[in-house]
Amino acid sequence: MIDLKLLQKDFDAMSAKLSRKKVDTSLIADLKQKNEELKKAKTEFETLQAMQNSMSREFGIYKKEGKDVSELKAKVDANKINIATALETQRERQEELETLAMSIPNMPDENVPDGADENDNIEIKKVLTPCKFTFTPKEHWELAEQNGWIDFERGVKLATSRFSVSFGMGAKLERALINFMLNFNSKRGFEEVSVPVIVNRNALKGTGQLPKFEDDLYKIDSQELFLIPTAEVPVTNLFADEILEESQLPIKMTAYTPCFRKEAGAAGRDTRGMIRQHQFHKVELVAITTPQNSDEVFDEMLACASDILTALELPHRLVTLCTGDLGFSAARTVDIEVWLPGQNTYREISSVSNTRDFQARRAKIRYRNGNKNSMVHTLNGSSLAVGRTLVAIMENFQNEDGSINIPKVLEPYLN
RNA sequence: GGAUCUUUGGCAGAGUUGGUCGAAUGCACCGGUCUUGAAAACCGGCGAGGGUUAUACCUCCCAGAGUUCGAAUCUCUGAGGGUCCA
């Protein structure tokens, strides 16, 4: 959530930043207005409540002294009615404000480039050079089927479209990749955690998926529970409602989970193959830091993800997302795109984001900052999307006959 | 699924004849005295959010609803935990 105090103090700066993310200034103005209305309603209620409290105290004293309370009771009863209406309006204002505030995205950092969509993203650097093939490289679905690694039809049979089944070496490689990535991250100082893949509404509000993106989530109807779209949700929310000691920070974690996404807005895109599935494996990095440290940790996370690809000998590039491509909660994001020779293009395989204090404010994750409590910064990044890594291995390590070599670093994991 | 007990500040744990309780006490933590330094001892501070220049004031004792002039304390519902039964 954006900082309402800051909004009150510096409306212009804030609306300028948010307008870069295509948030209408009138919406921000509305938010400010609602905040002021809430404050007013609160003051009104609190004044009445203070009266009530002091009269009630008086009441107790009267009783003890055996005085007549009938006059006082009349006053107090009359006030009670006013309190009830004041409380009601306060609640209405509160709800209005919250509904609006929770649906406004994070402000982009100063140095995030302006742009409309992914075409305006800016490449930072390329790592490893794509190798030249002496034949026309195939796309991964062809290779996957030829080698018997992935069965797309049977996935559909079991569930619905955008589900697949891995067999044999395909399944082994997935497992190998997960283990390799977790080990790699552990060595970089990220503690491994294993978390629920079903979470409640509150957790999803904390990280920003709700209330706005309910359509993208699989919901368990009978209870207010959802399948996670990313491990970012349970891992970040581990520390919701907590006040951490500064000495505990940064907290750096890594988790493997399956992820579930409805892909509601992706009709027709990537329908073939396993680039965009409803269920996929992902190893995630999450960090909770002080504001001073978050950029440094961001670089660590980015390096970690990039170095995994390098270790797997997969050419990739780093791309700074422009304002138009930036996610709801992110102040800043760098994507890693892996080279897919079959598709002859770079495709997203990781996304590292700093949400600054946006999620922290929603999830109430604070730390003791001297003698006061401040919001932490939260960061998340994939390291990596397992299915897409497998796709990249297939396409980059293919031979002319359709067989596929295995990256050396994975060999120990395949015995 | 049924019965019963339980849910308090970072932790432990008082508070259940409703009032001055945001809440004793201990531990932890922070500051100080002492010490070459540390420990111990002693002194002081120490829940969160809003509000204020600062006070005042308001809210929060699992969540929600209710009774009452007034609820951590009483009633109901729900959630988590324990025990017993099926």
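This is a predicted model, so every value here is computed, not measured.
Here B:rA23 sits opposite no nucleotide as a Watson-Crick or G-U wobble pair (both hydrogen-bonding atom distances under 3.5 Å). Figure legend. B:rG78 is base-paired to B:rC62; pairs are counted as Watson-Crick or G-U wobble with both atom distances under 3.5 Å. Both distances falling under 3.5 Å, in either a Watson-Crick or a G-U wobble arrangement, place B:rA3 opposite B:rU83. B:rC42 is paired with B:rG32 under the criterion used here, namely a Watson-Crick or G-U wobble arrangement in which both key atom distances are under 3.5 Å.
In this pair, A:Tyr413 and A:Phe180 present their aromatic rings perpendicular. The plane angle is above 60°, beyond the 30 to 60° band. Between A:Tyr256 and A:His281, the ring planes are tilted. Angles from 30° to 60° get that label.
Close to B:rC29, at under 4.0 Å from its OP1 or OP2, lies no side-chain N or O of A:Arg368. Applying the 4.0 Å criterion to OP1 and OP2 of B:rC57, one finds that A:Asn53 has every side-chain N and O outside that range. In terms of phosphate contacts, A:Asn373 brings a side-chain nitrogen or oxygen within less than 4.0 Å of OP1 or OP2 of B:rG49. Taking only side-chain nitrogens and oxygens, A:Lys5 comes nearer than 4.0 Å to OP1 or OP2 of B:rG51.
Judged by distance alone, the side chains of A:Asp335 and A:Ser351 do bring a donor and an acceptor atom under 3.5 Å apart.
The CD-C1' distance, from A:Gln49 to B:rU68, rounds to 14 Å in whole Å.
Of the C1' atoms belonging to B:rU73 and B:rG15, the separation is 8 Å, rounded to the nearest Å.
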